[in-house]
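The structure appears below as structure tokens.
A quick note: this is a predicted structure, and the numbers were derived from the prediction, not measured.
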Amino acid sequence: MTTDQTPAEPGKPTDDTSSGPRSPEEGKRDTTPAREPGEGPAGRPAQRSGDGPGEGAGDGPEDGGESAEAAAAPQPSTGRQRLVNGLWPPRLTRAQLIVALLLFGLGLGLAIQVRSTNESSVLRGARQEDLVRILDELDNRTERLHEEKQRLEKQQTELENSSDQAEEARKQTAQKERQLAVLAGTVAAQGPGITMKIDASESAVESDMLLDAVQELRAAGAEAIQIGKVRVVASTYFSDVGGAVEIDGRKVTQPYVIKVIGKPEDLEPALNIPGGVVQSLEKEQATVSIERSEKIVVDALRSAKRPDYARSSSR
């Protein structure tokens, strides 16, 4: 026999009137009233996260501990921070120190090489025609030295093979004396050569420029040089006095005329080499002209001075 059961109202305990014995567990009734959706314990409405302080999700003690641990955990570093941490403080090993020293030595060597290369920048930037001219000048100097060597060897052979060595020695001595007289400026000389004329404004050409020209001409094989009325010899000196140039104490006026006896084919190219005498004078706004001639007369003389202490060792 069954009894009609009506549905239990929400929140009210249900009374099971079905017949039959019940187990102790079954006999226990749930005294907790049923909750409606959206109600909290004891029928109070449930609060959502953020409805009140300390009552939302994650506001319990366990949630607070997890938040503290998350805050204490190290944050991921960026690439820049990792680079800074790797470079500072520096940690040097022996291998790194040796490599650094080797790189320093290599850099120093390269710097020295670049500096020495820059010193020859004049030739590096020269034209092909200028380089050919410089090479010809070097070849001419080598040829002159070779001819001088052959001449001295010939004199030695003649002196050794002569039947009258004393007479041969006197002849060679007289020839050498004439050559030395020309170099000393005690006698006049003539021969092929060039005439160099320098015209510039006042004080534009200084004594060191004329000295450079003389040195270059001597290196090119000049045998006799005269500037104005002054004979240039081994003991000649140049000086600047009152805006003018003095040679051996004698004032030389412009235009400077330099007469040179020697091989014209060697003298003129030596003055016109890139960065040489002519270019240096033209940078000072000087006008330079060079003229070749088959007969140059050098007639300015110097008095022969007898040395005070030196005597010939042949006596």
Side-chain angles (χ1 to χ4, degrees), residues 112-160 172 175-176 178-185 189-198 205 208-227 231-236 238 256-284 286-298:
I112 295 175
Q113 180 67 25
V114 170
R115 183 175 180 181
S116 62
T117 302
N118 291 335
E119 293 178 354
S120 59
S121 58
V122 176
L123 295 180
R124 185 180 296 274
R127 298 176 301 175
Q128 183 177 2
E129 296 80 1
D130 297 333
L131 294 176
V132 172
R133 187 184 306 170
I134 294 173
L135 184 60
D136 290 341
E137 175 65 19
L138 294 176
D139 292 339
N140 293 332
R141 292 183 181 182
T142 303
E143 184 180 355
R144 289 195 302 270
L145 293 176
H146 184 66
E147 292 176 354
E148 180 68 15
K149 178 184 177 183
Q150 289 181 342
R151 185 180 63 80
L152 295 176
E153 290 177 348
K154 180 180 179 181
Q155 290 180 358
Q156 181 181 5
T157 302
E158 291 177 353
L159 185 59
E160 292 176 350
Q172 293 186 10
Q175 182 180 359
K176 190 68 175 179
R178 289 191 296 270
Q179 295 175 357
L180 293 177
V182 172
L183 296 177
Q190 67 178 18
I194 63 172
T195 300
M196 181 179 181
K197 185 178 180 180
I198 303 173
V205 178
D208 58 339
M209 299 179 183
L210 295 180
L211 178 59
D212 291 340
V214 171
Q215 299 286 19
E216 193 66 39
L217 290 169
R218 285 176 174 172
E223 297 178 352
I225 302 175
Q226 176 178 331
I227 301 178
R231 185 73 169 267
V232 178
V233 296
S235 60
T236 298
F238 297 76
Y256 303 112
V257 179
I258 305 176
K259 297 181 180 180
V260 188
I261 295 177
K263 189 176 181 181
E265 292 79 7
D266 296 338
L267 298 175
E268 184 177 0
L271 298 173
N272 288 316
I273 61 175
V277 175
V278 174
Q279 287 190 1
S280 299
L281 291 171
E282 289 178 348
K283 288 181 180 180
E284 300 297 332
T287 303
V288 182
S289 61
I290 300 176
E291 182 181 355
R292 298 185 184 185
S293 178
E294 292 297 327
K295 183 179 180 181
I296 298 293
V297 178
V298 176

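For Glu148, the CD atom sits in a packed shell: over 12 heavy atoms of surrounding residues, nucleotides or ligands are nearer than 6.0 Å.
Residues Thr236 and Ile227 are not in side-chain contact: their nearest non-hydrogen atoms beyond the backbone lie 4.5 Å or more apart. Two residues are said to be in side-chain contact when any heavy atoms from C-beta on lie closer than 4.5 Å; Glu223 and Gln179 fail this criterion. Side-chain contact between Ile296 and Thr195: present, with at least one pair of heavy atoms (C-beta onward) separated by less than 4.5 Å. At least one side-chain heavy atom of Leu271 sits less than 4.5 Å from a side-chain heavy atom of Met196. With a 4.5 Å cut-off on side-chain heavy atoms, Val205 and Leu210 count as touching.
The distance from the CD atom of Glu265 to the CD1 atom of Ile194 is 11.0 Å, given to the nearest 0.5 Å. The line from CG of Leu183 to CZ of Arg231 is 8.5 Å long, rounded to the nearest 0.5 Å. In this structure, CE on Met209 lies 10.5 Å from NZ on Lys283, to the nearest 0.5 angstrom. In this structure, Asp212 CG and Phe238 CZ are separated by 10.0 Å, a value rounded to the nearest 0.5 Å. Between atom CD of residue Glu284 and atom CD of residue Gln279 there is a gap of 13.0 Å, rounded to the nearest 0.5 Å.
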Verdict with supporting geometry, Ile261 and Val182, side-chain contact (heavy atoms from CB on, under 4.5 Å): CA-CA 11 Å; Ile261 295 177; Val182 172; over 6 Å; no
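By the side-chain hydrogen bond (donor to acceptor under 3.5 Å, both in side chains) test, Glu216 is found to be paired with Arg141, residues two or more places apart in sequence or in another chain being considered. Here Arg218 pairs with Val214, Gln215, Ile225, Val232 under the side chain to side chain contact (heavy atoms under 4.5 Å, CB included) rule; sequence neighbours left out.
Nearest heavy atoms, Ala270 versus Ala220: CB-CB, 3.6 Å. Here the closest non-hydrogen pair linking Ser280 and Gly275 is OG-O, 4.0 Å. Considering every non-hydrogen atom in both Leu217 and Leu267, the closest pair reads O-CD2, 4.0 Å. In terms of heavy atoms, Ala286 sits closest to Ile198 at CB-CG2, 4.4 Å.
The main-chain N or O of Glu268 is found under 3.5 Å from a side-chain atom of Asn272 such that the two form a donor-acceptor pair.
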